[in-house]
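Report on one structure; see the data block that follows.
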4 protein chains.
Amino acid sequence: MGRRKKEPPNIHRENIALSAHKLFMSNGIECTTMNDIAKESGYSKATLYVYFQNKEEIIAFLVLKSMTKLDEYITLALENQKSTKGRYDMICQGLLEYQKQYPFYFAVALDEINIDFKNSNYLPEEEETYHVGEEINKKLQQFIQEGILANDLKPDIKILPTIMAFWGMLSGLIQISVKKEAYITQELKMSRQEFLKYGFETLYQSIAAEVRE
Amino acid sequence: MGRRKKEPPNIHRENIALSAHKLFMSNGIECTTMNDIAKESGYSKATLYVYFQNKEEIIAFLVLKSMTKLDEYITLALENQKSTKGRYDMICQGLLEYQKQYPFYFAVALDEINIDFKNSNYLPEEEETYHVGEEINKKLQQFIQEGILANDLKPDIKILPTIMAFWGMLSGLIQISVKKEAYITQELKMSRQEFLKYGFETLYQSIAAEVRE
Amino acid sequence: MGRRKKEPPNIHRENIALSAHKLFMSNGIECTTMNDIAKESGYSKATLYVYFQNKEEIIAFLVLKSMTKLDEYITLALENQKSTKGRYDMICQGLLEYQKQYPFYFAVALDEINIDFKNSNYLPEEEETYHVGEEINKKLQQFIQEGILANDLKPDIKILPTIMAFWGMLSGLIQISVKKEAYITQELKMSRQEFLKYGFETLYQSIAAEVRE
Amino acid sequence: MGRRKKEPPNIHRENIALSAHKLFMSNGIECTTMNDIAKESGYSKATLYVYFQNKEEIIAFLVLKSMTKLDEYITLALENQKSTKGRYDMICQGLLEYQKQYPFYFAVALDEINIDFKNSNYLPEEEETYHVGEEINKKLQQFIQEGILANDLKPDIKILPTIMAFWGMLSGLIQISVKKEAYITQELKMSRQEFLKYGFETLYQSIAAEVRE
DNA sequence: AATGAATGAGAGTTCATTCAT
DNA sequence: AATGAATGAACTCTCATTCAT
């Protein structure tokens with residue numbers, strides 16, 4: 001296999017992306033310049049362009065990574081929890097964790113990752129992100145199916161639309177809990193956590209099977 | 001004082017803001033420059049700064065305007081519809097309309113308008129936007145109270161948290177319906193409208209009183 | 001004489017200039033805009049241009065006024081003090097007072113007021129300032145002559161060059177005492193006043209007649 | 001690290017600063033724009049900002065350079081001349097030369113370089129300028145001490161205050177000789193050089209020991 | 001593979017001044 | 001006489017990206 005490179009390109013991509021991530025977290029994506037990333041990572045600015053086409057690709061790389069993490073989290077959650085409600089709770093926790101660790105990427109993922117077959121300018125990372133998303137969706141599909149079979153969820157649920165709608169609603173809920181934390185604390189007299197718990201519970205009732213006596 | 005005013009300043013603010021709005025809609029807020037707005041509105045760039053402190057204030061003006069429209073819409077909806085479900089549907093329609101006409105401003109409102117009493121650098125428009133938001137919230141509060149009294153909504157609803165949560169969830173739902181329209185159409189085999197209707201219905205069930213027989 | 005104007009233009013010029021002066025003193029000449037002056041004076045920006053050709057003329061007006069004050073001060077000083085040294089001290093005090101009240105105008109006067117007969121773009125105020133300067137010079141000339149006659153000053157002094165040189169040196173001394181006050185206090189362990197007194201005394205010795213025994 | 005450097009960065013700083021200096025000399029500092037400097041130097045405007053933080057740093061660089069030159073000049077003067085008067089004359093020549101080559105920087109140095117330990121926003125060049133100034137002061141201190149020991153200067157001179165006062169007075173003298181050259185030529189019937197010679201001599205007498213017979 | 005060096009193309013903002021009324 | 005309204009012309013500074021080596 002010939003001479004082995006001391007550090008395969010992946011290492012450099014990881015280094016750069018990690019530095020970028022740190023900066024994105026503290027200053028925001030917009031306010032982070034390629035210069036900043038170069039300094040933080042210890043590479044020269046030009047070298048950044050050896051490993052990534054442009055700033056957008058660094059973001060896409062991180063979006064993919066965050067989605068992969070989310071996939072792992074949800075996979076684990078579904079394996080470990082067996083009850084429907086327990087699983088739902090863990091999924092909500094997963095999203096919460098995701099937003100905590102990667103607060104900026106969900107919006108990007110939502111914005112950019114589309115099966116837009118006309119516009120084929122998408123980056124490989126974006127395509128892969130899409131696939132990871134599909135993986136997650138499959139697992140959620142199964143989760144709902146099992147929930148219905150267990151009589152925990154309403155039998156007439158349209159599975160795919162429900163998943164998509166819940167993606168939107170849960171992330172909207174988390175989003176508002178972050179942006180309006182001050183309002184929630186002061187006017188609602190709740191902690192953000194309490195608010196989210198209440199929101200998650202409320203939403204769950206929209207798909208939970210009604211309890212018969 | 002001048003002897004006559006051809007057009008009250010408000011007209012100019014409206015002209016400028018309208019031009020800005022057009023450009024924001026087609027190119028996005030970030031990508032629209034003051035130069036663009038000047039050209040589109042027919043005023044010189046310097047004149048823009050006669051009527052607005054800066055770009056931010058143009059945005060704040062439009063955010064306020066959009067919120068006011070939403071308030072009007074919701075007010076009308078609650079007046080015209082008497083049934084709880086009818087009102088809920090109209091509110092959803094209002095949000096939908098809002099997002100159609102002002103797709104970028106909700107995010108801004110969410111981002112910038114906060115009861116941040118420490119930082120008093122907020123623009124007057126931002127303060128007013130906050131108050132319009134509070135107006136809307138009051139009306140929604142009454143709506144829910146009446147819904148409970150009419151036995152249409154669960155009696156144990158926490159009103160304010162529910163409103164806040166629904167703001168988040170409904171806008172998240174609408175957001176995803178826009179961003180992922182292609183996916184919805186192709187994979188869920190639904191129109192965006194059908195998806196939204198399903199989402200709205202699902203969510204309603206989380207607060208709807210259970211039907212007794 | 002017909003109808004009398006309620007306020008002769010001079011009043012307006014005074015009002016405007018006074019407002020400008022206030023702002024110049026607190027923010028500097030460069031940083032004071034015509035807008036600021038308009039607001040401070042209560043006139044509209046356009047009205048400023050009714051009474052002054054431009055910003056430069058406002059400055060020239062104030063420079064003239066400050067020179068006139070200096071003239072008055074020195075005139076009084078020479079009248080009240082009869083001893084040569086007493087007069088010198090009062091002149092120094094006058095310059096000190098001048099720099100305190102009009103810290104920015106001496107530099108301007110130095111810069112702009114020149115008998116530059118080629119360039120006839122000078123403002124009427126500038127011409128008048130020149131003449132006030134000449135008035136002062138005449139009085140100083142007489143002061144020196146009397147000082148020589150009284151055997152207080154060296155008899156071989158070249159009067160006009162001495163006046164000009166003293167203008168430069170005294171204002172340079174005052175200038176440095178202002179700009180380097182921190183340095184003087186910390187490193188020289190003197191107050192600005194003490195430093196100036198020492199400087200004035202030292203300089204006086206360069207023209208004082210040597211004391212015979 | 002790059003394999004080779006065509007020109008060390010200093011060369012570029014020198015190039016840029018030299019171009020800036022040329023423009024400052026003909027148009028003044030205020031009226032020279034970064035655009036002008038870019039054109040004159042042949043670099044792009046953006047490149048200017050690679051080598052200097054901002055316009056202020058270009059000025060600070062030139063101020064430092066000019067102070068360094070002055071230091072060199074004075075050092076040489078004190079080494080070559082052994083008599084007190086000869087040294088004084090050379091120092092005056094040095095200041096004259098300084099003002100000729102760098103007419104704008106003394107005012108800046110006076111304005112900006114201060115031991116303002118609270119405000120630590122000063123540029124490295126400004127700090128260094130301060131130190132060069134201190135170097136000069138030390139040499140002048142020694143010059144005066146030797147002058148006193150040689151009975152050429154009055155024994156009761158306060159050394160540091162004298163240095164500071166002379167800085168101010170000499171630069172004020174030179175300043176006025178430049179600004180009022182026309183007046184001096186026409187009204188005093190002297191050349192600028194003669195005027196300065198007279199001024200320098202006069203001032204020297206304020207510290208010169210009185211000649212005994 | 002890695003980078004020093006360079007930049008095109010703006011961005012938002014400011015201000016003295018003018019002019020029709 | 002007085003001004004509301006409007007603006008041309010700058011200004012400093014930024015940043016993602018490229019390219020020769």
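These figures come from a predicted structure and were not determined experimentally. Note on naming: letters A, B, ... go to the chains in the order of the sequence lines (proteins, then strands), and numbering restarts at 1 for each one. Side-chain atoms are counted along with the backbone in the values below, which use heavy atoms only and exclude waters and symmetry mates.
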Would you confirm whether C:Thr33, through its side chain, and C:Asp36, through its main-chain N or O, come within 3.5 Å as a donor-acceptor pair? yes
Numerically ordered, the residues 21-37 of chain B set in heavy-atom contact under 4.0 Å with DNA chain F is none
Rounded to whole Å, CD1 of A:Ile16 lies from C1' of E:dA1 at a distance of 12 Å
note: B:Ile11, atom CD1; F:dG4, atom C1'; distance rounded to Å ~ 16 Å
Closest of F:dT3, E:dT7, F:dC13 to the C:Tyr43 side chain is F:dT3
Quick one: does B:Lys45 reach the base of F:dT7 with a side-chain donor-acceptor pair under 3.5 Å?
no
Which of E:dG4, F:dA6, E:dA5 is nearest the side chain of A:Ser44? It is E:dG4
A:Leu48 atom CG is separated from E:dT3 atom C1', nearest whole Å, by 11 Å
One should read off an interatomic distance between A:Lys65 NZ and A:Arg13 CZ, to the nearest 0.5 angstrom, of 11.0 Å
Would you check, one step at a time, whether the test side chain to side chain contact (heavy atoms under 4.5 Å, CB included) holds for B:Leu48 with B:Ser41? CA-CA 9 Å; B:Leu48 265 39; B:Ser41 66; 4.0 Å; yes
Is a side-chain donor or acceptor of D:Asn54 paired with a backbone partner of D:Glu57 at a separation under 3.5 angstrom? yes
One should read off an interatomic distance between C:Phe61 CZ and C:His21 NE2, to the nearest 0.5 angstrom, of 12.0 Å
Here the distance between atom C1' of F:dA10 and atom NZ of D:Lys55, to the nearest Å, is 12 Å
* Which class fits the ring pair A:His12 and A:Tyr51: parallel under 30°, tilted 30 to 60°, perpendicular over 60°? -> tilted
Rounded to whole Å, CD of B:Glu56 lies from C1' of E:dT13 at a distance of 14 Å
F:dA6, OP1 or OP2 - any side-chain N/O from B:His12 closer than 4.0 Å? yes
From CD of C:Glu57 across to C1' of E:dA16 the rounded distance in Å is 15 Å
Here the gap from A:Glu40 atom CD to A:Lys22 atom NZ, rounded to the nearest 0.5 Å, amounts to 5.0 Å
C:Phe52 atom CZ is separated from E:dA16 atom P, nearest whole Å, by 15 Å
Here the gap from C:Ile37 atom CD1 to C:Leu18 atom CG, rounded to the nearest 0.5 Å, amounts to 11.5 Å
Picking from F:dT7, F:dC19, E:dT17, the nucleotide nearest the side-chain atoms of B:Ala46 would be F:dT7
Regarding the side chain of A:Val50, the nearest nucleotide among E:dA2, F:dT3, E:dA16 is E:dA2
So CG of B:Leu62 and CD of B:Glu125: to nearest 0.5 Å the spacing works out to 10.0 Å
- Message: Side-chain N or O of D:Tyr51 versus OP1/OP2 of E:dA6: is the shortest distance under 4.0 Å?
- Response: yes
Taking for D:Gly42 and for C:Tyr49 the nucleotide of DNA chain E with the nearest heavy atom, the one nearer the 5' end belongs to D:Gly42
Looking only at F:dC13, F:dT18, E:dT3, the nucleotide nearest the A:Thr47 side chain is E:dT3
Separation of F:dT12 atom P from D:Asn54 atom CG, nearest Å, is 10 Å
Value for CD1 (D:Ile29) from CD1 (D:Ile58), rounded to nearest 0.5 Å, stands at 11.0 Å
Here DNA chain F, pairs taken as Watson-Crick or G-U under 3.5 Å and shown with ( ), [ ] when crossing and | when to another strand, reads .||||||||||||||||||||
